[in-house]
Amino acid sequence: MAGKIIADTLEHSTAGSLDTSYVVQGSAKVYHSANDAGTVLNGSLNVSSLTDTSSGQQTVNLSASTADTNYSVIAGSGNKDSGNARVMLIQGVTSSSYVSSAYSTFSSTFSDTPQCSILQGNLA
Amino acid sequence: MSEIKVDNLTGKTSAGSITVTSEGGAATQSLQQGLAKSWLNLNGTGTIAARDSLNISSIVDHSSGRYGPVLNSAMSNTNYSLTGTSNLNPGDTFSAPGNIIIGSNNVIATTTSTYEASNYVTSYVDSKYVFTQVFGDLA
């Protein structure tokens, strides 16, 4: 792959500098945004496919695997059914996939809703 | 493929700002502000412990289900963004994971160096998996 860098300068400095560990470890490794049925991936990074596991549960399959399963995933749900509250959970964590799940506190079941998630951690 | 090996990145015009061009080429954004400044995967049961983290020096066990991650490098102010989610693994009881509540007493960020993340179901309950992420400006 050809590389191209356009920059004025790269400096090593102790004043006002940003340790490059933040660039590596602070960059999101995965994000996904999907419809309520878990069948349409609206936007994503490092996602090979999305599986509609069951009602309210979407399996996010990664293109590049993580180094381990100790990563951090946050998730949010969209508005559906008059905004009934949903608790977002991350389940079935592996180095190549995780399950984003929306639990309705109104119906006490996992329930379809648009979902998004962001993964921070280390790639393999 | 080109590769740059460097320990620190510093802006030329402004030391704390490096501008990157958007994927579509129509916008620019600060590299620093788009990076997570901290993230955490916490075992919040028993003797609590981070499984992995970025910029976390220690975690205070305030009380059942209430945790106080302490940042290694502090934020520049208390206006940073906090988010959190629970995990539920096969075999876990559903009673444990709940809403991860960020902050306390109507305040999101407690100080520039620590915050509170709580797992709440119908009361504060320890959770085996607590995920949090922090975006904002480092001091």
Side-chain angles (χ1 to χ4, degrees), chain A residues 1-29 45 57 66-77 85-94 98-103 105 108-110 116-122, chain B residues 1-21 23 30-32 34-43 50-55 73 82-90 92 94 97-100 102 120-122 127 129-135 138:
Chain A
M1 181 176 70
K4 183 180 182 181
I5 298 174
I6 300 175
D8 290 333
T9 184
L10 287 175
E11 297 179 3
H12 180 280
S13 172
T14 57
S17 63
L18 176 72
D19 192 295
T20 50
S21 66
Y22 281 100
V23 178
V24 177
Q25 292 188 289
S27 297
K29 303 306 189 301
L45 170 67
Q57 299 183 294
T66 58
D68 50 43
T69 59
N70 296 327
Y71 47 80
S72 169
V73 184
I74 57 171
S77 73
R86 284 172 173 78
V87 176
M88 293 302 298
L89 301 168
I90 301 301
Q91 304 176 271
V93 169
T94 74
Y98 60 87
V99 181
S100 177
S101 302
Y103 187 85
T105 55
S108 297
T109 58
F110 288 106
C116 61
S117 66
I118 303 172
L119 183 153
Q120 297 281 354
N122 302 316
Chain B
M1 184 172 69
S2 298
E3 181 178 10
I4 295 176
K5 293 184 178 180
V6 62
D7 291 329
N8 289 278
L9 294 173
T10 303
K12 180 181 180 183
T13 303
S14 176
S17 179
I18 297 173
T19 301
V20 294
T21 301
E23 292 83 350
S30 166
L31 173 65
Q32 281 91 334
L35 299 172
K37 300 310 189 304
S38 180
W39 55 262
L40 172 65
N41 179 331
L42 171 69
N43 182 349
R51 294 185 182 84
D52 201 357
S53 66
L54 171 66
N55 193 25
S73 295
L82 296 173
T83 51
T85 302
S86 276
N87 172 287
L88 182 66
N89 271 350
D92 289 350
F94 190 74
N99 266 327
I100 298 299
I102 299 299
Y120 192 88
V121 184
T122 54
S127 179
Y129 290 87
V130 175
F131 301 151
T132 64
Q133 297 181 13
V134 175
F135 284 82
L138 286 174

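So you know, we letter chains A, B, ... as the sequences are listed, proteins then strands, and number each from 1.
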Residue part contacting chain A, namely of Thr132(B), when any heavy atom lies under 4.5 Å: backbone

Interchain contact, Leu54(B) with chain A, by part (heavy-atom threshold 4.5 Å):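 When you check distances to chain A, only side chain atoms of Leu54(B) fall under 4.5 Å.
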
Partner set under side-chain contact (heavy atoms from CB on, under 4.5 Å) for Ser73(B), not counting sequence neighbours: Tyr22(A), Asn55(B), Leu138(B)

Side chain to side chain, Ile90(A) and Phe131(B), heavy atoms closer than 4.5 Å: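 They are in side-chain contact.
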
Heavy-atom side-chain contact between Ile118(A) and Thr83(B) under 4.5 Å: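 The answer is no; the side chains never approach within 4.5 Å.
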
From [atom1] ([X]) to [atom2] ([Y]), nearest 0.5 Å:
X: Leu42(B); Y: Asn70(A); atom1: CG; atom2: CG; result: 11.5 Å
X: Gln120(A); Y: Asp52(B); atom1: CD; atom2: CG; result: 11.5 Å
X: Ile74(A); Y: Leu40(B); atom1: CD1; atom2: CG; result: 12.5 Å

Under 4.5 Å from a heavy atom of chain B, the part of Tyr98(A) involved: neither

Thr69(A), part contacting chain B, at a heavy-atom distance under 4.5 Å: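 Backbone only.
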
Residue selection (most heavy-atom pairs with chain B, distance under 4.5 Å) from Gly26(A), Ser117(A), Ser72(A), Gly121(A):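 Looking at each option in turn, the highest pair count goes to Ser72(A).
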
Chain B contacts, top residue of Ala75(A), Ser101(A), Gly76(A) (heavy-atom pairs, under 4.5 Å): Ala75(A)

Trp39(B) side chain to Tyr71(A) backbone, donor-acceptor under 3.5 Å: no

Minimum-distance pair of heavy atoms, taken over all atoms of Met88(A) and Thr85(B): O-CG2, 3.3 Å

